[in-house]
Amino acid sequence: MDEVRRARAFALSTADDAGLSERQALNLHLVVEEAVANIVNYSGATMMELCAWQEDGRLYVSFTDDGIPFDPTLHPEPDLTLPIGMRAIGGLGIHYIRKMSDGMDYRRQDGKNILTVWKKVKR
């Protein structure tokens with residue numbers, strides 16, 4: 001969970017550097033926290049790297065880890081119309097990442113998962 005706390009600081013610093021609105025900063029914080037929590041709790045990774053940059057009116061955040069291959073872009077959307085007891089376990093973190101970002105891309109390269117999430121920056 002130390003990694004989640006460090007990711008929280010990364011998200012706050014990135015939001016501040018990018019000049020995000022309070023709402024955009026909150027969304028970025030949740031996206032980063034969900035992605036990092038999934039990596040920490042499920043991937044078996046021994047390393048993780050976060051990187052952020054702005055380009056063409058978008059803020060990009062990439063998450064690189066050496067855990068088991070997992071492409072979240074292929075994970076199905078949870079059926080939120082079902083009662084909680086009837087829903088499949090898992091997938092809400094990925095759902096939140098999709099809803100709070102404008103897109104995401106996954107690739108596996110050199111034995112590493114690389115997830116890139118982006119958000120249009122509105123000033």
Side-chain angles (χ1 to χ4, degrees):
M1 294 315 291
D2 286 340
E3 296 304 322
V4 174
R5 280 189 282 281
R6 286 177 48 190
R8 192 174 295 138
F10 170 85
L12 293 173
S13 174
T14 299
D16 188 49
D17 290 348
L20 299 183
S21 69
E22 187 175 331
R23 180 180 175 96
Q24 289 173 318
L26 177 61
N27 286 350
L28 176 67
H29 173 257
L30 291 171
V31 164
V32 169
E33 192 167 304
E34 286 296 334
V36 168
N38 281 345
I39 292 167
V40 168
N41 291 321
Y42 304 113
S43 76
T46 61
M47 66 73 63
M48 174 178 30
E49 178 181 275
L50 278 69
C51 182
W53 69 96
Q54 283 185 273
E55 186 177 314
D56 298 327
R58 292 179 178 176
L59 175 64
Y60 294 86
V61 179
S62 71
F63 306 84
T64 302
D65 70 82
D66 65 350
I68 59 172
F70 179 73
D71 183 348
T73 66
L74 299 178
H75 198 279
E77 287 282 335
D79 185 350
L80 301 178
T81 63
L82 293 174
I84 290 175
M86 296 182 68
R87 292 183 201 162
I89 295 174
L92 282 180
I94 296 168
H95 172 74
Y96 293 140
I97 292 169
R98 280 186 180 122
K99 295 301 177 193
M100 293 183 192
S101 66
D102 291 317
M104 67 177 171
D105 178 61
Y106 169 85
R107 72 183 189 277
R108 181 85 177 169
Q109 182 178 325
D110 299 326
K112 294 185 173 103
N113 297 302
I114 303 169
L115 175 66
T116 303
V117 179
W118 62 89
K119 183 78 180 154
K120 293 176 189 163
V121 178
K122 300 174 190 166
R123 295 189 185 245

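Predicted model, so just to flag it, every value in this text is computed and none were measured. Counting begins at 1 with the first residue of the sequence. Values below: all heavy atoms of this structure, side chains included; hydrogens, waters and symmetry mates excluded.
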With rounding to the nearest 0.5 Å, note down the distance linking [atom1] in [X] to [atom2] in [Y].
| X | Y | atom1 | atom2 | answer |
| --- | --- | --- | --- | --- |
| S21 | N27 | OG | CG | 8.0 Å |
| L59 | D102 | CG | CG | 10.5 Å |
| M104 | I94 | CE | CD1 | 6.5 Å |
| E33 | R5 | CD | CZ | 10.5 Å |
| M100 | L28 | CE | CG | 11.0 Å |
| H29 | E34 | NE2 | CD | 10.0 Å |

Is [Y] close to [X] at the side-chain level, that is, under 4.5 Å between some pair of heavy atoms?
| X | Y | result |
| --- | --- | --- |
| V40 | M48 | yes |
| F63 | I39 | yes |
| Y60 | C51 | no |
| V36 | R6 | no |
| H75 | F70 | yes |
| L115 | P72 | yes |

Quiz item: Salt-bridged, K112 to D66, with N to O below 4.0 Å?
Solution: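 Result for this pair is no, no salt bridge flagged.
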Quiz prompt | Pairs involving residues 20-31, ordered by first then second residue, that meet salt bridge (charged side-chain N to carboxylate O under 4.0 Å, His left out) (sequence neighbours left out) | solution =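 Passing the test, one end in residues 20-31: no pairs.
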Using modelled atom types and a 3.5 Å cut-off, is there a donor and acceptor pairing between side-chain atoms of [X] and backbone atoms of [Y]?
| X | Y | value |
| --- | --- | --- |
| N113 | I68 | yes |
| T14 | F10 | yes |
| D71 | Y106 | no |
| R108 | G111 | yes |

Self-check item: Closest contact, heavy atoms only, L20 versus A25
Solution: CB-N, 4.0 Å
Quiz item: Taking all atoms of both residues into account, what is the closest heavy-atom pair of V117 and S101, and its distance?
Solution: CG1-CB, 3.3 Å
Self-check item: V121 reachable from L26 in the ILVMFWY side-chain graph, under 4.5 Å edges
Solution: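 Yes.
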Quiz item: For the hydrophobic clusters of this structure (ILVMFWY residues joined by side-chain heavy atoms under 4.5 Å, transitively), does one cluster hold both L50 and L30?
Solution: yes
